[in-house]
Protein chains: 2
Amino acid sequence: MQLTRQSEYAIRTILELSSLPEGEFIQSRTVSVRQELPERFLNKTVQILARAGLVETRRGMQGGIRLAVKPEAITIADVVGVVEGKIAINPCLADGYHCANRSECRVRGILNRAQEAMLAELGRENFAGLAGNDIAEEAV
Amino acid sequence: MQLTRQSEYAIRTILELSSLPEGEFIQSRTVSVRQELPERFLNKTVQILARAGLVETRRGMQGGIRLAVKPEAITIADVVGVVEGKIAINPCLADGYHCANRSECRVRGILNRAQEAMLAELGRENFAGLAGNDIAEEAV
DNA sequence: CTAAAACAGGATAAATACAATCTAATTACT
DNA sequence: AGTAATTAGATTGTATTTATCCTGTTTTAG
Ligand code: SF4
Ligand code: SF4
């Protein structure tokens, strides 16, 4: 019942990128140093974020990575969802899983509600707020 | 980001026990058959539940297991907590873990709120309601 | 008093999943 | 060309989860 480290790494990466001036590239190596993340493994993580369209990459000299969308449009729920795939705290909440007594099971309903409650919280605040680079710092 | 199977097994076991007349013993083997759970593994799970004081066991002929407390007093959150230990969806939410920038980290607060929201839902309904053996079936 | 029934507990094995690394390619700028 | 950066897949290492085995202890039927 825990997020993977890769999710944390991804969150910290997006956080780092969110605090940069819009459009600026930063090398993933720099992120790994600043956030103290294993470099090689972070590269993998960046790839996932890139394929999902959250970050943009540029190769070669002067290359690096940057956000592909505005920090305001990304939440922790998004990042975790991209890295770990669609969240399902129990197999029966995932697509394509068939449990015999699923129809009459009342446990499943509770698990589902619990999951939704968690995802709602993870999706409540966006990375503009998290990185602290929004002016108003919308009072919660 | 998933509950262990053992948690499911434990939930189904408590559910089975909750639907029995109060005080009646049932053999763990019967539970494993009725719920289609691996017998040997379930024994281990029962031990955990017993040590935590949720179920009571009796050895020998005519032995078996039964709830040690009323179904009304047990929630899914309790069962999962017993089987998996104190829930922490990220290492930094567990006791004894030290993250360098924990004090200034705003991600942690969100993760914590998400976890609490999930646990609140898991603790909302008790096993009397889940097993459907309470009269009023308290309208939610 | 003995044998069978049922849980207790530790050790171990098998299977997954997670985390990290390695090597080689590709791209792009200078 | 040459260098700096990401891309991609393969591979290794580690931890966790899941499951089984074997031996012991308790209880009761006979
Ligand atoms: S028994 Fe209920 S909670 Fe468990 S897997 Fe089946 S549907 Fe889901
Ligand atoms: S960076 Fe924040 S969320 Fe991540 S482990 Fe540290 S305190 Fe927790």
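Convention: sequence-line order gives letters A, B, ...; per-chain numbering from 1.
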* Where along residues 30-38 of chain A does a heavy atom come under 4.0 Å from DNA chain C, residue by residue in number order? -> P38(A)

* To do: Report yes or no: does R66(A) contribute a side-chain atom to a donor-acceptor pair with the main-chain N or O of V55(A) at less than 3.5 Å?
  => no

* Answer yes if V69(A) and F25(A) sit in the same cluster of Ile, Leu, Val, Met, Phe, Trp and Tyr residues linked by side chain heavy atoms under 4.5 Å apart, and no otherwise. => no

* Hey, is R29(A) close enough to E39(A) for a salt bridge, meaning N to O under 4.0 Å? -> yes

* To do: Could you check whether R40(A) gets within reach of a base, just the sugar-phosphate, or nothing at all, counting any heavy atom under 4.0 Å?
  => base

* Separation of dA10(D) P from N43(A) CG (nearest whole Å) -> 18 Å

* Asked: Taking C-beta and beyond as the side chain, do N101(A) and E104(A) meet within less than 4.5 Å on heavy atoms?
  -> yes

* R5(B), E8(B), Q2(B) screened by side chain to side chain donor-acceptor pair (under 3.5 Å) with N90(A), the one that passes -> E8(B)

* Note: E125(B)-R106(A) ion pair, threshold 4.0 Å (strictly below) -> yes

* Do E116(B) and R113(B) sit within salt-bridge range, that is, some charged N less than 4.0 Å from a carboxylate O? -> no

* **Nucleotide dA8(D), atom C1' - distance to CZ of F41(A) in whole Å** => 15 Å

* To do: Indicate whether OP1 or OP2 belonging to dT7(D) is found under 4.0 Å from a side-chain N or O atom of Q47(A).
  => no

* To do: Considering just the side-chain nitrogens and oxygens of Y9(B), establish if one lies under 4.0 Å of OP1 or OP2 belonging to dT18(D).
  => no

* Could you pick out which residue, K44(A) or R29(B), lies toward the 5' side of DNA chain C when each is mapped onto its nearest nucleotide? => R29(B)

* Asked: Contacts to DNA chain C from residues 57-70 of chain A, heavy-atom cutoff under 4.0 Å, which residues?
  -> R59(A), G60(A), M61(A), Q62(A)

* Return the value, rounded to whole Å, for the distance between atom CD of E39(A) and atom P of dT7(D). => 13 Å

* Structure fact -> Contacts of L3(B) and Q27(A) projected onto DNA chain D by closest heavy atom; the upstream (5') one is Q27(A)

* **Side-chain heavy atoms of L37(A) within contact of R12(A), under 4.5 Å** => yes

* Walking along DNA chain C from 5' to 3', note the first and the last nucleotide with an atom under 4.0 Å from a heavy atom of chain A, and give both. => dA19(C) to dT30(C)

* Asked: Does any N or O in the side chain of T13(B) come within less than 3.5 Å of the main-chain N or O of Y9(B), such that one atom is a donor and the other an acceptor?
  -> yes

* **Donor-acceptor contact present, side-chain E84(B) to main-chain S7(B), <3.5 Å** => no

* Send over the distance from L42(B) CG to dT20(D) C1', rounded to a whole Å. => 14 Å

* Can you check whether V46(A)'s main-chain N or O pairs, donor with acceptor, with N43(A)'s side chain at less than 3.5 Å? -> no

